[in-house]
Each structure stands twice: as C-alpha cells, then as structure tokens.
Number of protein chains: 2
Amino acid sequence: MAVSARRGTPLSIDEISAAALRLVDAGGVEALSMRKLAAELAVNPMSLYHHVESKDALLELVCATAARRMSLPTDDDRSWQEQLRALAFAYHRHAREHPALWIYVHAHPQMVANRQMSLWQLLERILRLAGVPEDELRRTSDVLYAFVSGIILSELQGHLPDDPEETGRSLNTAIELIVRGLEGGAAG
Amino acid sequence: MAVSARRGTPLSIDEISAAALRLVDAGGVEALSMRKLAAELAVNPMSLYHHVESKDALLELVCATAARRMSLPTDDDRSWQEQLRALAFAYHRHAREHPALWIYVHAHPQMVANRQMSLWQLLERILRLAGVPEDELRRTSDVLYAFVSGIILSELQGHLPDDPEETGRSLNTAIELIVRGLEGGAAG
DNA sequence: CTCACAGCCATACACCGTATGGTAGCGTGT
DNA sequence: ACACGCTACCATACGGTGTATGGCTGTGAG
C-alpha cells in the first residue's frame with residue numbers, strides 16, 4: 001500500500017474526523033474545506049476521498065464523532081425532576097464544547113435522525129417516571145428536546161445576554177418552566 | 001444614469017431583495033448566489049454591488065424583508081393564554097412560509113438582534129398580563145421565544161413526524177406546557 | 001460645454017468541491 | 001519469479017463561488 005509522500009503512517013478515518021472536528025471547533029463549519037483539511041493532514045486533497053464519500057459525508061462523520069463524545073448522566077434513583085435537570089445540563093455542556101458544529105447539526109435535518117441515540121432512551125425513561133402517559137411519550141420528548149435545543153441555540157448565538165451567570169439563570173428558568181408544566185399533568 | 005443593457009428600468013433594492021427572497025424560498029439559502037440572482041434580474045453580477053455591500057448584507061436585507069411580511073395578531077382583550085397561543089401560531093405560520101430563510105436566520109446570530117421588533121413588545125405585554133414580575137420579563141420572554149423557535153425548528157426539519165395533524169398537536173403540546181408552566185408561577 | 005457622478009459591466013483572482021485518470025507498492029496465485 | 005490486482009495516494013482540470021479593480025456611458029449641475 002503506497003504510503004503518503006510526506007507522512008509515515010497511512011491516513012485513517014479517525015484521524016480525518018478528529019482533524020475536521022478540530023477545524024470546525026476552531027473556526028466554524030465554514031472554516032472546514034477539503035483543501036484545508038488535507039493541508040492539516042499533510043496530504044493531497046483528493047486523498048481524502050478514499051476515506052470519505054463527499055464533504056457532506058465527512059460532516060456527518062464529524063457530527064457522529066462529536067455526538068459520541070457527549071457524556072450523559074447516569075440513570076440513578078434521583079427524582080425525575082433531578083434527572084431531567086441533569087440531562088438538560090449535560091446536553092447544554094456538550095453544546096458549549098462544540099458550538100459551531102451544534103448549530104450546524106440543528107440546521108441540517110439529516111444530521112439528527114439519530115433518534116435511537118441513548119439520549120432519547122434516557123429522556124423517555126425520565127418522562128415515564130414523570131407520569132407522562134405512554135401515548136404522549138414520543139410527542140412530549142420531542143417537545144422537550146425542542147425546548148432545550150431552542151434555549152441552547154439562543155444562548156450560543158448571544159440572543160441571550162452573554163453574562164454566563166445570566167444564561168445559567170435562563171436555562172434554569174427554562175427547565176423549571178418545563179418541570180412545572182409536566183407536573184401540571186399531560187397535554188391535550 | 002446609464003440604464004442596464006437589457007432592461008428598461010434601473011435596478012432597485014426592493015427588486016433585488018424580492019428576487020433574492022424568491023430564490024431562497026424556492027431552493028434554500030444555498031441556492032442564492034450573486035450570479036444566479038443577477039441572472040434572475042437580467043443584469044451583470046457586479047451590478048448588484050452598487051446596491052448592496054456584500055452577500056452577507058444582501059442576506060440581512062432579505063431577512064428584514066421577510067420579517068416585515070410577518071403579520072402579528074392584534075393586541076385585543078382576549079385572555080393572555082389566548083393571546084399567547086395566537087402569537088405562537090402566527091410566528092409558526094410565518095416560519096412555514098419561509099422555512100429555509102427561517103432556519104438560516106436562527107443559525108446566524110447577527111440576523112435576529114431585532115429585539116425591538118413589535119413581536120417582542122407584544123410578547124412582553126402578554127407576559128405582563130400573565131403576571132410575570134417585571135424583573136423576570138426579559139428572561140421569560142427569551143425563554144418562551146427559544147421554546148417556540150425550538151419547536152418550529154424541529155418541525156421544519158422533520159425531526160417531528162411530518163403528518164401535519166401530528167405537528168399541530170406537537171405545537172399544541174408545547175404551548176399548553178408553556179401556559180401551564182406560566183400559570184404555576186414565576187421561575188427561580 | 002464641461003465635468004462629476006451614478007449605474008452598469010468585463011475581466012480577473014483566489015477559493016471551493018470533486019470528476020477523471022494516473023502511479024507506487026504490497027499481497028496473492030501460479 | 002513473474003504477473004496481476006488492489007489499495008492508497010496524487011496531479012490536473014472543470015465549473016462554481018464571492019468580489020476587487022477599473023472602465024464605460026448617459027444624466028444632471030455648474
């Protein structure tokens with residue numbers, strides 16, 4: 001196997017997606033180009049295409065890589081309110097670690113079809129604890145996810161005042177609103 | 001004033017932003033290029049730059065144009081619950097008329113600094129009616145806006161099942177959750 | 001009549017994603 | 001030992017993008 005002219009080790013998908021994620025985190029999605037990425041890896045741009053179908057496929061890969069790095073709270077015996085808060089904060093933390101990519105994901109449908117991700121399973125378990133009836137589970141979890149995403153999106157873009165203490169309070173306001181809404185019973 | 005080679009009337013900003021909005025609505029933001037827009041207007045690409053500073057400025061213009069077309073509900077004497085629902089649905093309707101642009105806006109901070117828009121004033125008035133204390137107004141309206149945006153974003157991207165009746169129910173679920181959350185008192 | 005200027009255009013540059021086709025070296029079958 | 005195919009890599013090129021630069025042209029003011 002012919003090895004790259006200027007590198008000892010052959011390219012790997014992990015190496016590619018890690019470098020791409022680095023570029024995106026550093027300069028936003030628009031800072032990721034096949035040419036810059038290739039330069040970063042000391043490789044010819046076209047070489048990337050032997051590991052990745054297209055730039056879109058690369059971005060999907062990067063999203064998956066980032067998603068795998070999100071650490072969810074453990075599903076212990078705290079009250080559902082506590083667990084819901086913990087999940088929201090975990091998600092929030094992850095978003096702040098990869099803000100540019102996060103925004104990209106939420107503006108591109110094909111990226112979040114990952115409905116079987118463990119995040120969703122955990123959320124559903126919590127909602128069951130909260131007494132949401134089975135036939136409302138899907139809808140309610142969709143809505144909650146959308147709420148939290150909306151909040152985080154606002155924050156990442158500075159729609160909210162960028163005092164970190166203040167954004168913390170906003171996230172709290174949001175979660176408490178949700179909790180109280182859920183405590184009030186099922187929706188119609 | 002030298003008039004374009006192939007057109008009787010000179011270019012105008014309104015004409016430009018209307019055509020651009022048409023292109024965006026038809027094929028998404030990525031379908032808008034200075035060259036295609038110029039072709040649409042039967043004009044040389046560089047001519048656009050005499051009316052618009054850059055493509056970013058053009059997009060800002062397009063966003064403003066679309067925003068101006070949103071029709072808000074009248075501020076009448078219905079209950080705050082009713083008015084909140086009406087506002088949410090109006091916003092939702094507007095999003096569905098310009099889905100691609102709407103997504104673009106919410107992924108680009110500089111586009112929604114329009115905090116003095118009448119939408120915000122109306123929302124604050126409604127929240128006052130709901131008994132939200134003055135020093136929570138800003139935060140609460142931010143949160144509500146984020147919630148509804150999150151829901152709409154989910155819907156526009158098909159995260160929600162795309163049965164329109166089902167998405168209607170989701171939006172309802174969301175709004176009722178918010179209303180119940182507000183009825184439960186102010187957040188901490 | 002002159003001259004500034006607004007509106008428009010032609011050309012060119014740097015960058016992008018990627019189609020096409022070529023090359024170097026390893027693994028295997030005979 | 002030899003040929004072959006296959007994998008990884010690369011060079012070149014095409015059509016697209018935003019836009020800098022500078023030139024043309026017809027109108028209105030002095």
Side-chain angles (χ1 to χ4, degrees), chain A residues 1-24 26-63 100-101 104-105 107-108 110-111, chain B residues 1-24 26-63 100-101 104-105 107-108 110-111:
Chain A
M1 305 167 187
V3 148
S4 164
R6 42 189 56 222
R7 299 176 65 258
T9 65
L11 228 42
S12 81
I13 287 220
D14 288 347
E15 198 182 358
I16 290 178
S17 69
L21 181 55
R22 228 180 306 128
L23 281 183
V24 169
V29 178
E30 74 277 5
L32 173 65
S33 82
M34 300 304 271
R35 293 168 138 99
K36 283 183 203 155
L37 178 57
E40 188 86 358
L41 295 166
V43 129
N44 183 284
M46 290 313 290
S47 303
L48 299 172
Y49 285 89
H50 275 263
H51 304 263
V52 145
E53 176 121 20
S54 65
K55 189 184 182 183
D56 282 354
L58 170 64
L59 274 164
E60 225 161 317
L61 193 69
V62 173
C63 291
L101 186 64
Y104 177 83
V105 164
H108 290 80
Q110 65 278 21
M111 297 294 168
Chain B
M1 307 167 186
V3 149
S4 164
R6 41 188 56 221
R7 300 175 65 256
T9 64
L11 227 43
S12 80
I13 285 219
D14 288 348
E15 197 181 356
I16 290 178
S17 70
L21 181 54
R22 228 181 304 129
L23 282 182
V24 169
V29 178
E30 73 280 5
L32 173 65
S33 81
M34 300 304 270
R35 294 168 138 100
K36 286 184 200 150
L37 179 56
E40 187 87 358
L41 294 166
V43 125
N44 183 284
M46 290 314 290
S47 302
L48 299 172
Y49 285 88
H50 276 264
H51 304 264
V52 146
E53 177 120 18
S54 66
K55 191 185 181 184
D56 281 355
L58 170 65
L59 273 165
E60 225 163 316
L61 194 68
V62 173
C63 291
L101 187 62
Y104 176 82
V105 164
H108 290 79
Q110 66 279 21
M111 296 295 169

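Just so it is clear: chains get the letters A, B, ... in the order the sequence lines come, proteins before strands, and each one is counted from 1. Please read all numbers here as calculations on a predicted model, not as lab measurements.
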Atom pair CD/CG of B:Glu40 and B:Leu23 - distance to nearest 0.5 Å: 5.0 Å

Which nucleotide in D:dG18, D:dA11, C:dG17 has an atom nearest any side-chain atom of A:Asn44: D:dA11

Distance in angstrom units between A:Leu32 CG and C:dG17 C1', rounded: 12 Å

Any side-chain heavy-atom pair of A:Leu58 and A:Leu48 under 4.5 Å: no

Interatomic distance where CG belongs to A:Leu37 and C1' belongs to C:dT18 [whole Å]: 15 Å

Donor-acceptor pair (no angle test) under 3.5 Å: A:Arg35 side chain, C:dG17 base: yes

Out of C:dG7, D:dC9, D:dG18, whichever nucleotide has its closest atom nearest the side chain of B:His50: C:dG7

Atom-pair distance (CG on B:Leu41; C1' on C:dC9), nearest Å: 15 Å

Per B:Met46 side chain, nearest of listed nucleotides C:dT20, D:dT19, C:dC8: D:dT19

Gap between atoms CD1 and P, on A:Ile13 and D:dT7 respectively (whole Å): 14 Å

CZ-CE distance between A:Arg35 and A:Met46, expressed to the nearest 0.5 angstrom: 9.5 Å

Gap separating the NE2 atom of B:His108 from the CG atom of B:Leu59, nearest 0.5 angstrom: 8.0 Å

Between P of C:dA10 and CG of B:Leu48, the distance in whole Å: 13 Å

Whole-Å gap separating C1' (D:dT17) and CE (A:Met34): 17 Å

Interatomic distance, B:His51 NE2 vs D:dT19 C1' [rounded to whole Å]: 16 Å

Distance in angstrom units between B:Leu58 CG and D:dG18 P, rounded: 10 Å

Nearest-nucleotide comparison on DNA chain D, the residue closer to the 5′ end among B:Ser54 and A:Ser47: A:Ser47

